[in-house]
There are 2 protein chains.
Amino acid sequence: MAAQRGQRNGVGDTPPAPTAAEITTPIPRVAEVPAARDRARAIPEAAVARLAVYLRVLSGMQEQGAGTVSSEELAVAAGVNSAKLRKDLSYIGSYGTRGVGYEVVVLIEEIERILGLTRKHSVAVVGIGNLGHALANYGGFPGRGFPVTALFDVDPDLVGVPVGGIPVDHIDDIPRVCAEREVSIGVIATPPPAAQAVCDRLVEAGVQCILNFAPVVLQVPDHVEVRKVDLAVELQVLSFHVARRADDAAQGDGVAGMGPDLQVNGMVVS
Amino acid sequence: MAAQRGQRNGVGDTPPAPTAAEITTPIPRVAEVPAARDRARAIPEAAVARLAVYLRVLSGMQEQGAGTVSSEELAVAAGVNSAKLRKDLSYIGSYGTRGVGYEVVVLIEEIERILGLTRKHSVAVVGIGNLGHALANYGGFPGRGFPVTALFDVDPDLVGVPVGGIPVDHIDDIPRVCAEREVSIGVIATPPPAAQAVCDRLVEAGVQCILNFAPVVLQVPDHVEVRKVDLAVELQVLSFHVARRADDAAQGDGVAGMGPDLQVNGMVVS
DNA sequence: CCAACTTTGTGCACACGTTCACAAGCGGTA
DNA sequence: TACCGCTTGTGAACGTGTGCACAAAGTTGG
Ligand SMILES: NC(=O)c1ccc[n+]([C@@H]2O[C@H](COP(=O)([O-])OP(=O)(O)OC[C@H]3O[C@@H](n4cnc5c(N)ncnc54)[C@H](O)[C@@H]3O)[C@@H](O)[C@H]2O)c1
Ligand SMILES: NC(=O)c1ccc[n+]([C@@H]2O[C@H](COP(=O)([O-])OP(=O)(O)OC[C@H]3O[C@@H](n4cnc5c(N)ncnc54)[C@H](O)[C@@H]3O)[C@@H](O)[C@H]2O)c1
């Protein structure tokens with residue numbers, strides 16, 4: 001019976017103290033980032049994900065030699081509306097110049113700081129099958145501050161074999177290897193039945209972040225952050241939209257004719 | 001001007017009628033899906049994604065021979081709170097029995113119907129590199145109603161080679177092959193610079209849903225639905241949480257001692 | 001130095017999503 | 001039949017996120 005509320009009970013909610021941020025901040029540090037640290041707590045999850053996107057776009061702009069961007073330009077490039085972009089940026093501070101825009105370099109620095117990218121985050125992949133191989137071979141992570149430093153599998157044929165330049169270790173070595181290489185993010189790419197066990201091992205080894213590709217709901221302690229990538233769910237959501245659209249069309253409403261704007265792209269720059 | 005964010009603009013809003021459900025619901029139902037279709041429109045995006053998860057969990061329960069589930073059981077298994085689960089289910093209709101729970105079979109049927117899974121959705125993968133191979137070889141999709149029926153690449157060495165049992169076609173054949181095999185979902189797994197061009201080709205070929213793995217913001221017409229899977233963003237969001245947590249620890253604030261409850265994992269089953 | 005113009009940063013209202021809490025409905029039992 | 005305990009379904013409160021619209025702040029040109 002009963003104690004079911006567990007989830008919200010122990011986790012999500014700010015338990016008793018609504019204070020959170022407006023406390024006087026009793027001089028935790030004289031060093032830089034004075035108020036910014038406090039702000040970090042208040043950044044909406046959705047905004048964090050977008051900041052990562054802005055960062056990527058900004059990097060591209062920097063390579064093309066752009067010195068400054070306006071919120072409008074950046075917004076268009078990132079596929080969001082400019083008000084939202086400015087609000088997102090405001091969560092991390094005020095680094096723009098009114099009448100001008102933002103300095104690309106400054107914005108990159110600040111976003112990286114807020115996202116914790118000033119530090120390298122060592123990544124371990126567990127389950128070196130189809131997906132694990134793809135991840136291990138992918139060159140895009142190290143460049144963005146996420147070096148893949150450890151690979152694990154149970155298959156004895158795989159252990160010792162290097163994949164993407166890194167030899168596969170046996171999962172029994174998770175504790176030792178993760179400690180040695182200071183792994184901070186674990187990626188689970190095992191079959192679903194093995195996922196929870198692997199997750200438990202990673203957590204025991206001190207890994208605090210998990211990216212899970214197995215279609216399973218993982219149970220973890222409060223101090224561990226899990227994000228899941230579930231391709232089947234993505235496909236099903238797409239399927240839902242097709243179905244909804246089909247229904248709309250079947251109903252034969254006036255919108256069907258799609259007069260409003262031709263099919264160039266969903267975004268209007270003006 | 002204006003139509004900038006096709007995504008939200010065209011869809012989400014409940015136009016005029018707040019009626020929705022509080023009508024007396026006369027005549028529960030004899031003919032199917034009369035009102036249900038209307039409801040489909042009102043299902044929050046977030047709920048749709050969760051319905052897909054419930055569906056997976058229910059399938060597992062069905063295989064284990066379960067006949068009925070209570071919202072509480074299902075909620076725990078799906079990792080959500082039971083009120084949310086019931087609300088989500090209520091969007092698709094009332095298929096439970098008070099005092100008892102839901103019939104697993106019925107729930108599966110209804111969710112599949114709402115998600116449009118009664119129809120098969122043919123999938124095409126474009127870009128048969130690391131990731132494309134993994135996707136093509138993955139056996140989990142066909143079983144869930146998403147048969148991968150076409151593969152495309154530009155690399156002449158790949159064209160004609162079968163991957164996961166399906167021969168790779170050249171991207172110039174996208175229009176023909178997609179039409180022949182009635183592809184309804186396109187998966188983009190090409191390098192970022194090629195993504196937009198590939199997307200345009202798919203759209204031109206009549207594909208209405210795109211799942212994009214390339215870290216690029218795709219521009220599409222309003223009638224095309226795009227979902228993106230951006231692993232770099234996932235990792236960066238995790239990084240953000242590590243950083244935030246590190247800050248919290250550094251601040252050594254009083255919240256640490258809170259001790260409302262220890263609880264090993266977020267969920268209490270009793 | 002001022003006026004005109006540009007762009008940021010944000011208060012505010014609204015939309016969306018989550019959670020609570022309870023009446024309504026059902027099965028079982030006396 | 002009448003009662004009782006259990007579980008659903010949902011109105012309503014609440015919290016989060018989005019977008020508008022504008023004052024503040026800067027730049028440019030005269
Ligand atoms: N491949 C895809 O495109 C794809 C798509 C969606 C979801 N997924 C999910 O990702 C996961 C991996 O998929 P895959 O196609 O790479 O599977 P796979 O079978 O190719 O690889 C699984 C790997 O995990 C290893 N393994 C098994 N048990 C293990 C354990 N206890 N500890 C460590 N390693 C173990 C196996 O030896 C194997 O190398 C699955 O959960 C799958 O559902 C994969
Ligand atoms: N591999 C991963 O784990 C991973 C992780 C995150 C993101 N991604 C993204 O997924 C995409 C694919 O990654 P990958 O590792 O498989 O890359 P890859 O280089 O291994 O494969 C890319 C494939 O696309 C093909 N290609 C190139 N241009 C094409 C075009 N115009 N039309 C069709 N095909 C074309 C290439 O021939 C190649 O086979 C990239 O955008 C990458 O950023 C991959």
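If you're wondering where the values come from, they're calculated on a predicted model, not measured in any experiment.
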A.B. asks: Rounded to the nearest angstrom, tell me the gap between atom CZ in Arg50(A) and atom P in dG17(D).
C.D. replies: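 Arg50(A) atom CZ is separated from dG17(D) atom P by 9 Å.
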
A.B. asks: Grab the CG-P distance between Asp88(B) and dC16(C) for me, whole Å please.
C.D. replies: 16 Å

A.B. asks: Check side chain to side chain contact (heavy atoms under 4.5 Å, CB included) between Val216(B) and all other residues, then give those that pass, not counting sequence neighbours.
C.D. replies: Pro192(B), Ala195(B), Ala214(B)

A.B. asks: Side chain to side chain contact (heavy atoms under 4.5 Å, CB included) with Gln196(A): which residues, sequence neighbours excluded?
C.D. replies: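 Per chain and number, Gln196(A) pairs via side chain to side chain contact (heavy atoms under 4.5 Å, CB included) with Cys199(A), Asp200(A), Leu218(A), Gln219(A).
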
A.B. asks: Would you please name every residue forming a ring-ring contact (aromatic ring centres under 6.0 Å, His included) with Phe213(A), sequence neighbours left out?
C.D. replies: none

A.B. asks: Within the structure, does a side-chain N or O atom of Tyr91(B) lie under 4.0 Å from either OP1 or OP2 of dG17(C)?
C.D. replies: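 It does not, given that no N or O in the side chain of Tyr91(B) lies less than 4.0 Å from OP1 or OP2 of dG17(C).
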
A.B. asks: Who pairs with Glu109(B) by salt bridge (Lys or Arg N to Asp or Glu O under 4.0 Å), at least two apart in sequence or on another chain?
C.D. replies: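 Glu109(B) satisfies salt bridge (Lys or Arg N to Asp or Glu O under 4.0 Å) with no other residue.
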
A.B. asks: Checking Glu225(A) now: which residues fulfil salt bridge (Lys or Arg N to Asp or Glu O under 4.0 Å) with it, not counting sequence neighbours?
C.D. replies: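 Counting only residues at least two positions away or on another chain, Glu225(A) forms a salt bridge (Lys or Arg N to Asp or Glu O under 4.0 Å) with Arg245(B).
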
A.B. asks: Partners of Ala47(B) by side chain to side chain contact (heavy atoms under 4.5 Å, CB included), sequence neighbours excluded?
C.D. replies: Ile43(B), Pro44(B), Arg50(B), Asp88(B), Tyr91(B)

A.B. asks: What string of B, S and - do you get for nucleotides 24-30 of chain D, 5' to 3', if B is base contact, S is sugar-phosphate-only contact and - is no contact with any protein heavy atom under 4.0 Å?
C.D. replies: BBSS---

A.B. asks: Can you list the residues that meet the salt bridge (Lys or Arg N to Asp or Glu O under 4.0 Å) rule with Glu110(B), with sequence neighbours excluded?
C.D. replies: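 By the salt bridge (Lys or Arg N to Asp or Glu O under 4.0 Å) rule, Glu110(B) matches Arg113(B).
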
A.B. asks: Without hydrogens or angle criteria, can the side chains of Gln236(A) and His121(B) be said to hold a donor-acceptor pair below 3.5 Å?
C.D. replies: no

A.B. asks: Can you check whether Tyr95(A) has a side-chain N or O nearer than 4.0 Å to OP1 or OP2 of dT7(C)?
C.D. replies: no

A.B. asks: Among residues at least two apart in sequence or on other chains, which ones pass ring-ring contact (aromatic ring centres under 6.0 Å, His included) with Tyr102(A)?
C.D. replies: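 Not a single residue meets the ring-ring contact (aromatic ring centres under 6.0 Å, His included) criterion with Tyr102(A).
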
A.B. asks: For DNA chain D, what residues of residues 55-64 of chain B have any heavy atom nearer than 4.0 Å?
C.D. replies: none

A.B. asks: Not counting sequence neighbours, which residues clear side chain to side chain contact (heavy atoms under 4.5 Å, CB included) with Arg98(A)? List them please.
C.D. replies: none

A.B. asks: Could you pull out the protein-nucleic contacts involving nucleotides 12-15 of chain D (nitrogen or oxygen on both sides, under 3.5 Å)?
C.D. replies:
| unit_1 | atom_1 | unit_2 | atom_2 | d |
| --- | --- | --- | --- | --- |
| dA12(D) | N6 | Lys87(B) | NZ | 3.3 |

